[in-house]
Amino acid sequence: MSEHLSEQEIVRREKLAKFAELGIDPYPAAMWDVNATAVEILDAVEKIKAANPNPEQPIHELDIYKDVCIAGRIMSLNSKGKVSFIKIQDNTGRIQLFISVDNICPGDDKTMYNEVIKHLLDLGDFVGAKGEAFVTKTGETSIRVKELKVLSKALKPMPVVKEKDGEVFDAFSDPEQRFRQRYVDLVVNHGVKETFLKRTQMVKTIRDFLNANGAVEVDTPVLQSIPGGAAARPFTTHHNALDIPLYLRIANELYLKRLIVGGFDWVYEFSRNFRNEGMSRKHNPEFTILEFYVAYKDYIWMMDFTERMLEKVATDMHGTSELTVGDNKIDFKAPFRRITIYDAIKEYTGHDVSFMTEEQIYDVCKSLHLEVDKTMGKGKLIDELFSAKCEKNFIQPTFITDYPVEMSPLTKKHRSKEGLVERFELMVNGQEIANAYSELNDPIEQRARFEEQVKLMERGDDEAMFIDHDFLRALEYGMPPTSGIGIGIDRLAMLMTNQASIQ
RNA sequence: GUUUCCGUAGCUCAGCUGGUAGAGCAAUACACUUUUAAUGUAUGGGUCUCGGGUUCGAAUCCCGACGGGAACACCA
């Protein structure tokens with residue numbers, strides 16, 4: 001251990017020795033039987049205060065929280081001679097401990113107060129306290145502590161963030177530190193934890209909604225020998241016993257479809273996917289997608305279902321379908337606008353590319369100063385055009401429909417429009433949130449599409465798909481008509497919690 | 001990957017045109033029995049990210065590396 005210890009870290013280690021001298025275990029094994037939380041006590045006292053016009057009356061006489069046992073992390077220490085104030089933070093929030101030498105050391109031995117409380121405790125330590133709830137002279141709900149126990153000593157100092165009148169002092173704000181040491185960020189910064197909890201709530205709402213509609217949650221392989229189901233570069237790894245290369249999945253689509261082949265009518269998975277590409281506020285190499293596949297449905301049904309589900313998520317989380325994201329007000333009230341990709345391009349560029357050849361579209365891209373090259377097929381050019389010129393304009397939830405077949409190798413041909421497929425993407429706040437289609441279930445056609453991908457790969461497209469022969473075999477056994485969707489859970493959570501960064 | 005900005009105490013930051021470092025909070029000691037960013041007094045704390053170069057002298061100027069932020073690109 002050649003780690004450099006700061007002065008403060010050395011001091012804290014010395015305090016461990018001091019604890020040993022006093023016979024106090026700074027990391028006790030026995031459970032500390034908590035019977036109340038900070039917010040619970042604060043709320044209860046608020047209610048009593050509201051109902052009781054006589055503020056002089058001690059709270060404990062109202063028979064509330066006479067014997068509180070709580071625990072938490074020390075967030076501020078304030079010793080005022082023979083009285084000390086310690087603010088602790090538990091799972092719910094912060095509450096103040098009021099400690100006087102007389103209460104905590106009724107006998108002659110004042111060690112607990114003079115040594116432990118005044119000298120050995122530090123910010124960041126976990127302590128347990130027993131006592132009664134009351135309100136101090138200055139009106140702050142506190143615990144009058146009769147017994148205090150060290151539950152865990154912290155050896156590194158926490159950043160001390162102070163706040164007054166909404167102004168924050170010495171904020172822990174370095175983005176590197178915040179993302180790398182998320183645990184510190186969670187302890188010290190308000191709101192981070194809430195965002196985590198909201199995301200969990202969002203996932204639960206979605207899961208409940210799917211379950212209520214008869215969907216079955218499944219798990220499919222993360223390590224795959226052929227990464228399929230999306231256009232992206234995979235991470236590679238290696239299986240030692242088999243001595244074969246393996247890939248971390250870029251999508252779980254092909255495995256969920258295999259389950260449809262196997263006879264499930266509706267399967268879903270919250271799938272952690274890995275894509276070997278850049279990071280940004282909107283991109284994370286490791287991210288979560290909800291995918292689900294429903295037999296006997298088509299992409300039109302899927303649009304109806306998706307907008308109902310998202311409206312429910314928004315209203316469950318905010319009480320209304322309308323929410324504020326950054327500077328935008330976004331309304332998740334169904335139905336959402338629907339527009340074809342060609343109409344979208346026409347709307348924002350003035351060019352109708354629907355009947356153009358690859359050459360002509362290439363020229364349009366050039367005329368709009370887009371960076372395109374000859375390795376790009378027609379599908380990729382159109383995708384380029386859309387993401388550069390249109391994507392950012394769709395703030396309100398909008399389904400972009402009917403993509404060209406070239407950019408959708410797993411999608412069924414459009415029932416009536418030549419050269420297109422039955423696919424939609426959902427754009428919200430200028431970002432893609434979901435991607436869905438009527439799934440291609442014709443094995444001959446699917447094989448031909450894969451072969452197209454191989455040609456693209458030979459032209460230099462390193463994101464083109466591999467041929468998955470086992471998947472083709474599954475389709476040959478027969479897959480019912482199916483509609484599937486992938487929803488970016490991290491991006492949806494960004495919207496629902498009004499966060500600017502995906503991290 | 002490109003452009004751009006940044007890296008100084010545990011945290012947040014100051015340090016002008018080169019003269020080997022400062023503040024607040026945190027820490028240590030003392031005082032104080034109701035504090036709210038508590039206060040007062042005193043004390044300690046730094047390989048100025050790293051490596052080269054210019055110079056009598058570099059936190060400061062130059063080059064390079066490493067780490068990071070932001071934008072763009074990649075990414076449906």
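First the proteins, then the strands, lettered A, B, ... as listed; each starts at 1.
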Trainee: Any salt bridge between Glu14(A) and Lys18(A), counting N to O under 4.0 Å?
Mentor: no
Trainee: Salt bridge or not between Asp185(A) and Arg182(A)? Use side-chain N to carboxylate O under 4.0 Å.
Mentor: yes
Trainee: Looking across every strand, which nucleic acid part, if any, lies under 4.0 Å from Glu14(A) by heavy atom: base, sugar-phosphate, or nothing?
Mentor: nothing
Trainee: Suppose you measure atom P in A29(B) against the same atom in A70(B); what distance do you get, rounded to whole Å?
Mentor: 41 Å
Trainee: What's the gap between G24(B) and U43(B) when it is taken at their P atoms, as a whole Å value?
Mentor: 13 Å
Trainee: Can you check the distance between C5(B) and C74(B), where both ends of the measurement are the P atom (answer in whole Å)?
Mentor: 24 Å
Trainee: If the plane angle is over 60° it's perpendicular, under 30° parallel, otherwise tilted; pick one for Phe332(A) and Phe336(A).
Mentor: perpendicular
Trainee: How long is the line joining CG of Asn284(A) and C1' of C74(B), in whole Å?
Mentor: 15 Å
Trainee: Work out how far the P atom of C13(B) is from that of U49(B), and round it to whole angstrom.
Mentor: 15 Å
Trainee: Would you call Arg249(A) and Glu269(A) a salt bridge, taking side-chain N to carboxylate O under 4.0 Å as the test?
Mentor: yes
Trainee: Between Ile99(A) (CD1) and U35(B) (P), how many Å, whole number?
Mentor: 16 Å
Trainee: Using the C1' atom on both, measure C63(B) against A21(B) and round to a whole Å.
Mentor: 25 Å
Trainee: Suppose you measure atom C1' in U39(B) against the same atom in C25(B); what distance do you get, rounded to whole Å?
Mentor: 14 Å
Trainee: For Glu140(A), report the nucleic acid contact type (base, sugar-phosphate, nothing); a contact means any heavy atom under 4.0 Å.
Mentor: base
Trainee: Separation of Phe85(A) atom CZ from A38(B) atom P, in whole Å?
Mentor: 11 Å
Trainee: State plainly whether the residues Arg338(A) and Glu307(A) are in salt-bridge range, i.e. N to O under 4.0 Å.
Mentor: yes
Trainee: Could you tell me the separation between the NZ atom of Lys110(A) and the P atom of U33(B), rounded to a whole number of Å?
Mentor: 13 Å
Trainee: Side chain of Leu123(A), heavy atoms from C-beta onward: which of U34(B), A27(B), U35(B) has the nearest atom to it?
Mentor: A27(B)
Trainee: Rounding to an integer number of Å, can you tell me how far Tyr113(A) OH sits from C32(B) P?
Mentor: 10 Å
Trainee: Output yes when a side-chain donor or acceptor of Asp298(A) lies under 3.5 Å from a complementary backbone atom of Trp301(A), and no otherwise.
Mentor: yes
Trainee: Figure out the CZ/C1' separation between Arg233(A) and G1(B), and round it to whole Å.
Mentor: 10 Å
Trainee: In dot-bracket notation, what is the pairing pattern of RNA chain B, taking Watson-Crick (N1-N3 plus N6-O4 or O6-N4) and G-U wobble (N1-O2 and O6-N3) contacts under 3.5 Å, with [ ] crossing and | for other strands?
Mentor: (((((((..((((.....[..)))).(((((.......))))).....(((((..]....))))))))))))....
Trainee: If I take atom CG in residue Asn78(A) and atom C1' in nucleotide U34(B), what distance separates them, rounded to the nearest angstrom?
Mentor: 10 Å
Trainee: Which nucleotides of nucleotides 4-13 of chain B have their base under 4.0 Å from a protein heavy atom (B), which only their sugar-phosphate (S), and which neither (-), written as one string 5' to 3'?
Mentor: ------BSS-
Trainee: Whether Lys153(A) and Asp122(A) form a salt bridge (side-chain N of Lys/Arg under 4.0 Å from carboxylate O of Asp/Glu) is what I want to check.
Mentor: yes
Trainee: Would you indicate which nucleotide in U28(B), U33(B), C32(B) comes nearest to any side-chain atom of Asp122(A)?
Mentor: U28(B)
Trainee: For a quick check, tell me whether the side chain of Ser79(A) and the base of U35(B) share a donor-acceptor pair closer than 3.5 Å.
Mentor: no
Trainee: Closest heavy-atom contact between Met112(A) and Cys105(A)?
Mentor: CB-SG, 3.6 Å
Trainee: Any carboxylate oxygen within less than 4.0 angstrom of a Lys/Arg side-chain nitrogen, looking at Arg144(A) and Glu132(A)?
Mentor: yes
Trainee: Given the P atoms of G68(B) and U8(B), what is the spacing between them in whole Å?
Mentor: 14 Å
Trainee: Which whole number of Å gives the distance between the P atom of A9(B) and that of U60(B)?
Mentor: 15 Å
Trainee: Quick one: on RNA chain B, does Gly81(A) or Lys15(A) contact a more 5' nucleotide (nearest heavy atom)?
Mentor: Lys15(A)
Trainee: Of all the nucleotides listed (U34(B), U33(B), U28(B)), which has the minimum atom distance to the side chain of Arg144(A)?
Mentor: U34(B)
Trainee: Salt bridge check, Lys455(A) against Glu451(A): does any charged N sit closer than 4.0 Å to a carboxylate O?
Mentor: no
Trainee: Would you be so kind as to tabulate the donor-acceptor pairs closer than 3.5 Å made by side chains of residues 403-413 of chain A, with sequence neighbours excluded?
Mentor:
residue	atom	partner	partner atom	Å
Tyr403(A)	OH	Glu425(A)	OE1	3.3
Ser408(A)	OG	Arg423(A)	NH1	2.7
Lys412(A)	NZ	Asn441(A)	OD1	3.4

Trainee: Remember a base hit wins even if backbone is also touched, and classify Arg94(A) as base, sugar-phosphate or nothing at under 4.0 Å, heavy atoms.
Mentor: nothing
Trainee: Between Leu120(A) (CG) and A29(B) (P), how many Å, whole number?
Mentor: 9 Å
Trainee: I'd like to know if Gln96(A) reaches the base of U35(B) with its side chain, counting only an N/O donor and acceptor under 3.5 Å.
Mentor: yes
